[in-house]
Amino acid sequence: MDDETVERVREVVAAIPPGQTLSYGEVAARAGLRSARLVGRILAEDGHDLPWHRVLRADGTCAPHIAAEQSARLRAEGLLLIDGRLPPERRRSRGRGAGRHHRGWTGQATRPGA
């Protein structure tokens with residue numbers, strides 16, 4: 001994967017405000033990617049300095065291998081998971097591609113020269 005792709009994903013994740021979340025698919029869409037899995041890979045390899053805990057699966061759950069730490073970090077920001085899932089009313093969007101301009105912030109990556 002190229003550096004530009006990594007930077008676009010990093011910019012989107014860095015822009016997620018405390019107490020808010022996006023799904024892997026929403027991050028991918030905002031970064032101009034088709035693959036939510038690529039977002040997960042980028043965060044696993046180069047996301048240690050980002051608020052990675054604000055990125056959830058589309059169903060509002062954490063990835064199993066990081067669930068304990070992720071839910072603790074979200075709880076510290078005021079987001080409580082119920083039965084391991086963020087309630088639908090607390091998620092950024094309720095459908096594919098929705099929420100791009102939800103609640104006043106875009107979280108969209110900006111490209112140099114754009």
Nearest heavy-atom pair of [X] and [Y]: which atoms, and what distance?
X	Y	answer
A31	V12	N-CG2, 4.0 Å
P51	A14	CD-CA, 4.1 Å
P87	I82	CG-CD1, 3.6 Å
I66	W52	CD1-CZ3, 3.6 Å

Any Lys/Arg nitrogen of E77 or R54 sitting under 4.0 Å from an Asp/Glu carboxylate oxygen of the other? yes
Checking the side chain of R10 only, and the main-chain atoms of D46 only, is there a donor and an acceptor separated by less than 3.5 Å? yes
Pairs of donor and acceptor atoms involving the side chains of residues 68-75, under 3.5 Å and at least two apart or interchain, shall be tabulated with distances.
from : atom 1 : to  : atom 2 : distance (Å)
E69  : OE2    : R73 : NE     : 3.0
E69  : OE2    : R73 : NH2    : 2.8
Q70  : NE2    : H53 : O      : 3.1
Q70  : NE2    : V55 : O      : 2.7
S71  : OG     : A67 : O      : 2.9
S71  : OG     : A68 : O      : 3.1

Between [atom1] on residue [X] and [atom2] on residue [Y], distance to nearest 0.5 Å:
X	Y	atom1	atom2	answer
Y24	R37	OH	CZ	12.0 Å
R90	L56	CZ	CG	11.5 Å
D59	L86	CG	CG	10.5 Å
L38	T5	CG	OG1	7.0 Å

Decide yes or no for R85 and R57: does some side-chain heavy atom of the first lie under 4.5 Å from some side-chain heavy atom of the second? no
Taking a hydrophobic cluster as the set of Ile, Leu, Val, Met, Phe, Trp and Tyr residues connected by side-chain heavy atoms closer than 4.5 Å, whether directly or through intermediates, do L80 and L22 fall within one such cluster? no
Between R30 and E26, is the salt bridge (charged side-chain N to carboxylate O under 4.0 Å, His left out) condition met? List the steps. CA-CA 6 Å; R30 292 174 189 210; E26 289 169 322; 5.3 Å; no
Apply side chain to side chain donor-acceptor pair (under 3.5 Å) to D83 and list each qualifying residue two or more places apart in sequence or on a separate chain. none
D3 atom CG, neighbour heavy-atom count above 12 within 6.0 Å: no
Could you walk me through whether H48 and L43 pass the side chain to side chain contact (heavy atoms under 4.5 Å, CB included) check? CA-CA 7 Å; H48 62 280; L43 290 177; over 6 Å; no
